[in-house]
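Below: the structure, in structure tokens.
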Amino acid sequence: MSRPLTERGADPVARLALTGDLAHPARMTVSDLLAWPQHRVRVSFECATSGIQHHGFEGPLLHDVLSAAGPVFDPARRKDRLRFLIAVTGADGHHALLSWAEIDPDFGRAAVLLAVSIDDTRLDRAGPQLVLPQDRCGARHISGINAIRVDGGYTSWT
């Protein structure tokens, strides 16, 4: 009887699922994310439990990866993108919510990363990390991302 791969010593590779209102939903690994242009940032943020943290991250822009997955907003209506939300969930249950406008170059242009490395250490086993360099507090920093959902399903706040 053969043993499962994890018992044979194989390194498990973390995967994240891109789901929701996308033309091309996908499952991706850190290796897959290396296909996009990589951006490096140095980040300092205040952690409530351990004080100020300083780290270097590298990875593609969230906007680039999600754009390639084909969000299904109406291209004829420029503002249609503004109703889309992005929910990011980590393997530990932490989650954050962003708006499409926040990461879109025509609007907020926030350089949000899907980091594939932290301090020059690849994150293949742990999974990518959501990094918002502009945030003073690290609360929206999500480690070990296992799901990103793009949702444009609502049309009104009433």
Side-chain angles (χ1 to χ4, degrees), residues 1-72 84-105 108-153:
M1 179 160 105
S2 67
R3 296 182 300 175
L5 286 176
T6 54
E7 290 181 16
R8 289 187 289 199
D11 286 342
V13 175
R15 297 187 187 282
L16 80 93
L18 298 179
T19 65
D21 295 327
L22 299 169
H24 311 290
R27 291 186 53 79
M28 306 181 83
T29 64
V30 163
S31 291
D32 296 327
L33 293 170
L34 290 169
W36 277 271
Q38 302 295 296
H39 300 265
R40 294 184 72 100
V41 295
R42 294 283 314 158
V43 176
S44 296
F45 56 86
E46 292 180 33
C47 180
T49 57
S50 56
I52 297 176
Q53 301 289 309
H54 304 280
H55 294 288
F57 295 96
E58 184 170 1
L61 294 174
L62 176 62
H63 180 266
D64 292 348
V65 174
L66 293 182
S67 291
V72 295
F84 280 71
L85 297 176
I86 303 161
V88 181
T89 305
D92 62 0
H94 283 90
H95 53 273
L97 188 63
L98 295 92
S99 70
W100 187 272
E102 192 172 356
I103 65 168
D104 192 300
R109 193 182 287 213
V112 177
L113 293 186
L114 286 176
V116 296
S117 69
I118 179 173
D119 300 327
D120 296 319
T121 300
R122 287 257 311 250
L123 295 168
D124 294 279
R125 291 183 64 166
Q129 296 187 12
L130 182 71
V131 178
L132 293 97
Q134 68 278 11
D135 283 8
R136 182 185 61 81
C137 170
R140 292 196 297 172
H141 180 101
I142 305 293
S143 298
I145 299 170
N146 61 7
I148 299 175
R149 180 171 177 76
V150 176
D151 189 348

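The basis for the numbers below is simple: all heavy atoms, side chains too, and nothing from hydrogens, waters or symmetry mates.
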Heavy-atom count around Arg109 CZ within 6.0 Å, excluding the residue itself: above 12? no
Could you tell me which non-hydrogen atom of Pro60 sits nearest to which non-hydrogen atom of Val116, and how far apart they are? CD-CG1, 4.1 Å
Distance in Å, Ser44 OG paired with Asp135 CG, rounded so as to fall on 0.5 Å steps: 13.0 Å
Point-to-point distance, once rounded to the nearest 0.5 Å, from CG of Leu114 to CD1 of Ile142: 11.5 Å
When every non-hydrogen atom of Ala96 is compared with those of Leu130, the smallest separation belongs to CB-CD2, 4.3 Å
Can you establish whether the number of heavy atoms outside Arg136 located under 6.0 Å from its atom CZ is more than 12? no
To the nearest 0.5 Å, tell me how far Arg122 CZ sits from Glu58 CD. 10.0 Å
State whether the number of non-hydrogen atoms from other residues, nucleotides or ligands found under 6.0 Å of His94 atom NE2 is greater than 12. no
Leu16 versus Pro128, closest heavy-atom pair with distance: CD2-CG, 3.3 Å
For His95 and Thr89, does a side-chain donor sit closer than 3.5 Å to a side-chain acceptor? no
How close do Ile148 and Ile145 get, counting heavy atoms only, and between which atoms? CG1-CG2, 3.8 Å
Does a donor on one side chain and an acceptor on the other come within less than 3.5 Å for Ser67 and Asp64? no
Within this structure, what is the CG-NE2 distance for the pair Asp120 and His55, rounded to the nearest 0.5 Å? 12.5 Å
